[in-house]
2 protein chains.
Amino acid sequence: MNGRRTPVLLGSTVLTLFVIWHTCDSGNVLVYPIEGSHWINMKILIEALHSKGHSITVLQSDKSWYIKEDPLFYETITVPVKASLDEKMLEEDFVKLIDLLWAEGSVINFLRLFIDMMMKYKDIHIILKEMIVNMLEDQRLMKSLRDRNYDVVITDPCWGGGTVLAHYLKLPLVYNVRWLTTGEGHFAIAPSPISYIPLTGSGLTDKMTFIQRVKNMLYFVLLIIQERFTVRPIYQEVCDKYLGPGADFYMLMQAADIWLMRVDFVFEFPRPTMPNVFYMGGFQCKPGGPLPQHLEDFVESSGEHGVILMSLGSFISKLPSSLTDEIAAAFAELPQKVIWRHTGDKPATLGNNTLLVNWLPQNDLLGHPKVKAFVAHGGTNGVQEALYHGVPVVGLPLFFDQYDNLLRLQERGGARILSGTKLDKTVFLQALQEVLHDPSYRVNMQRLSRLHKDQPMKPLDQAIFWIEFVMRHKGAAHLRTESYKMPWYAYHSLDVIGFLAIMAFTAVFLTVICVRCICCRLCLKRKSKIE
Amino acid sequence: MNGRRTPVLLGSTVLTLFVIWHTCDSGNVLVYPIEGSHWINMKILIEALHSKGHSITVLQSDKSWYIKEDPLFYETITVPVKASLDEKMLEEDFVKLIDLLWAEGSVINFLRLFIDMMMKYKDIHIILKEMIVNMLEDQRLMKSLRDRNYDVVITDPCWGGGTVLAHYLKLPLVYNVRWLTTGEGHFAIAPSPISYIPLTGSGLTDKMTFIQRVKNMLYFVLLIIQERFTVRPIYQEVCDKYLGPGADFYMLMQAADIWLMRVDFVFEFPRPTMPNVFYMGGFQCKPGGPLPQHLEDFVESSGEHGVILMSLGSFISKLPSSLTDEIAAAFAELPQKVIWRHTGDKPATLGNNTLLVNWLPQNDLLGHPKVKAFVAHGGTNGVQEALYHGVPVVGLPLFFDQYDNLLRLQERGGARILSGTKLDKTVFLQALQEVLHDPSYRVNMQRLSRLHKDQPMKPLDQAIFWIEFVMRHKGAAHLRTESYKMPWYAYHSLDVIGFLAIMAFTAVFLTVICVRCICCRLCLKRKSKIE
């Protein structure tokens, strides 16, 4: 192909026009979101739906700390609860976990960490359950939700409230999803051979040695145990009480009409998928906008060396001080300028080249040509933004999926991951210099960026199309297999294999008996003849 | 959602403009097609690629009977062969098979039919193999193909030549695919649980009883046997000779970059898919254009009763005369007019309302509002066109996938299938009247038509996008899992399960031994104390 040029979604405006033209009738959307960075994603969908003329209602508890009312875009229904997730409490809990995580690794330490995480996870779901229970108990609220004739429920299924509510109201269901209560979303609906699909938390890729496949299998078993005995019973209890007999929570999840996955296959390893799964990874990304003046001045002052960006996401903004001192000391030795989102105590070793900030416009900074590297914890949003803008990453993963997210970039040569257990000034400085001076990191990230942007439709437009599709057709039953309703042994054809094995065995057995009978008779005949 | 309207790909022109704008650089495309109705599909892709400014080369044998030279759209390279598929021979062979197929069904008859089909299938592939062998033997041709720097090979993998050639030339490979040499395309790359995925030819749906699942499993085994012992060795021999050691033909097929499937999930039952599979079912369909004057006059003369269309595809245009007499007699009793593509002898019972034609503009006729029903054999193209235009179908399946195609419409209430074994005037007339007068058939087909047209992008535009994507990026490796390179036991984790089972067994065994040793020692100690 001659004279090829970079295909950078030039047609996005035309496509957006197409989508607006295609489905401009207004509908009623009920959104059941979750707190934290997941809400950032959901709000982008809400704003896009609002721009298409749809009426949106957002459900939140009266203890919400992240979801705010915003009458410009949506109406809010506030549900009173006794307790809710508290940002500070969560942050403190997780900082404690980091200490454990970054301590010297051993099997006992790993199991302690696993059990601690499991218990914490269970506690979170018990707290979250209260909101859906209080809603279902409030018959006036339920009647008013029914009377509003919603066209669709959109929820993030990393907790179970939205799924239960959609089935209670008998409404089509769209997932804005990466995680379910059971782990990574695909595992619940697509066949996922664990011989090449690494489990979240396993730190493995899609190419594993035998021992790694054994490790992956053990992770698989651990995750099944975690889900079966901690999270699922919490929501099954709600289903049993409010949805009547036979309502299996896991099957209700599998019955969602459309799954809008917050990944794509530039980021994720290729794996089996289903016709009702659509990929909107990077849907929150957009070209970098102008920076606030003080940041623009700081960035420009970096000259040819450029800027390093560091942020550990919206949730954890501080690290143990022993670590921050090492990090600050490494930064101080670099000719680059550094912008660091850090709300803890000022590190003693902080250099003049480093600017601490409480908040930063991450997308706009990553889109700035002076930004040379991104020190990130590996949250999905940050990793996707780095990928979109083609900025190489030094990864400091903390927990959840963060190591795995960074691993996907590292495998493609766009990131270098550092282990917290061995982190000191020298190691950190060395990694930074490698990512800054080895051009392969930037070349690879730029290649991924080009691949990501070379799609027939912008991820956000695709997501909105399928939400509106569900609204137009009252669901998307034709895209959804109902094989999840089969018993597991039938799904895996074990009953058929057993039956055929018995048939074959019987046939062989009867043949042997017949042959023996005939032989005996022949022998007897011969004997009697001889006699 | 208020005031919803039918979303009929209004934005297609805008989208087409977008695609043209997006990737207007010209590339070199090498097409390795196959004869018959498959060529009709391929030619549509070729014309679309030509309209985007790409240079296209089509490979054909000097005995081609369906693929014609067309310098307006593509250059042709003609390969001399001794033998080729001959249309008349094939038609006669298959008419003989129809007699067998429509005779009274029994297990022996079925097995005879299966073996006959298998041998016919093998003969076809032996004939087809000659062309690729002759090409690979012609070093001047191979050098000239290399020198032309093609960007991509497009082939229909229902035979193996294109796959072998692409790997020989080390070029990216795009499949225009429904069938492989191994059967339905998905089975080769996506996990396909046969507990709910019916095998082609089984006549089953995605919801099966236990006995039906047993039947499906037996079909699965039969198809594996057919492929392993008839078709695969033919192409494996070519791979062994020309691609060097280790080139496994089945793995070469699995390694194709992009699979453009000629189905969608309005037509096909939902099943697992892969990131490099894109669905272009109905890509050949377009709104009905004007009819030739004599046909327009005939159609208009039908008045309020409308027209019935009958065609058995591009391949078989005549049936046994005993059958055509029954069909013609049934048509003669209807108030509708009938247009029948039929090239055999004129049936003795032909009514005045029936027009026999050698060829008909099927898409334009199906798009005409006067056409009330379509009598079809169930080829993929015809079924997709009926679905696109929302015309109910009376199905007369002959062989291959035709029954299964029609079954997908029947399952959704848009078609009525007739068995050849029981076909007479009464049965045929009854089926026609049911489809004409029961409004549910039309309502269901119109619903399917709306669903099919409600896609974010026209199927043909999507197909062209992904072909050009492969040309831009020299493949689509990031969308393709390489799990097919694993040994089957590792892919299914059988080695890991075996290893963990042995570990668990050893652990239990050692524990039991230890406990017994300790018990024995304690017993001995007690004994010695007592003594």
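Reminder, nothing fancy here: chain letters follow the sequence lines and each chain counts from 1.
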Asker: Among A/L479, A/D495, A/D206, A/L500, which residue forms the greatest number of heavy-atom pairs with chain B at distances under 4.5 Å?
Answerer: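 Greatest number of close heavy-atom pairs with chain B: A/D495.
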Asker: Work out which heavy atom in A/R213 is nearest to a heavy atom in B/S493; give both atom names and the distance.
Answerer: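 Distance-wise, the nearest heavy atoms are NH1-CA, 4.4 Å.
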Asker: So which of B/S483, B/S55, B/S192 has the largest heavy-atom pair count under 4.5 angstrom toward chain A?
Answerer: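 Option with the greatest count: B/S483.
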Asker: Based on non-hydrogen pairs under 4.5 Å, which of A/A476, A/S195, A/P272 is most in contact with chain B?
Answerer: A/S195
Asker: Taking the side chain as C-beta and beyond, is there a heavy-atom pair between A/F469 and B/P456 under 4.5 Å?
Answerer: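 Not touching, per the 4.5 Å side-chain cut-off.
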Asker: Which bit of B/I197 is near chain A, if near means a heavy-atom gap under 4.5 Å: side chain, backbone, both or neither?
Answerer: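 Neither part, no heavy atoms under 4.5 Å.
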Asker: Using side-chain heavy atoms (C-beta onward) and a distance below 4.5 Å, is A/M457 in contact with B/M457?
Answerer: no
Asker: Any residues in residues 256-267 of chain A near chain B, with a heavy-atom distance under 4.5 Å, and which are they?
Answerer: A/F265, A/V266
Asker: Is there side-chain contact between B/M274 and A/T273, with heavy atoms separated by less than 4.5 Å?
Answerer: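 Sidechains of A/T273 and B/M274: no contact.
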Asker: Tell me which of these, A/Y279, A/Y491, A/W466, A/F269, has more heavy-atom pairs under 4.5 Å with chain B than the rest.
Answerer: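 Winner by heavy-atom pair count: A/Y491.
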Asker: Counting only heavy atoms not in B/F210, do more than 12 sit closer than 6.0 Å to its CZ atom?
Answerer: yes
Asker: For A/I189, is it the side chain, the backbone, both or neither that has a heavy atom under 4.5 Å from a heavy atom of chain B?
Answerer: neither
Asker: Between CZ of B/R472 and CZ of A/R450, what distance do you get to the nearest 0.5 Å?
Answerer: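 Here the interatomic distance stands at 12.0 Å.
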Asker: With a 4.5 angstrom heavy-atom cut-off, is it the side chain or the backbone of B/A490 that approaches chain A, or both, or neither?
Answerer: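 Backbone plus side chain of B/A490, per the 4.5 Å heavy-atom cut-off to chain A.
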Asker: Going by heavy atoms in the side chains, are B/F465 and A/D454 under 4.5 Å from each other?
Answerer: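 The answer is yes, as the side chains (C-beta and beyond) meet within the 4.5 Å cut-off.
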Asker: With a 4.5 angstrom heavy-atom cut-off, is it the side chain or the backbone of B/R271 that approaches chain A, or both, or neither?
Answerer: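 Looking at B/R271, just its backbone touches chain A.
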Asker: What heavy-atom pair brings A/Y196 and B/T481 nearest, and what distance separates the two atoms?
Answerer: CE1-OG1, 3.3 Å
Asker: Out of A/E268, A/M486, A/K485, return the one with the most heavy atom pairs under 4.5 angstrom to chain B.
Answerer: A/M486
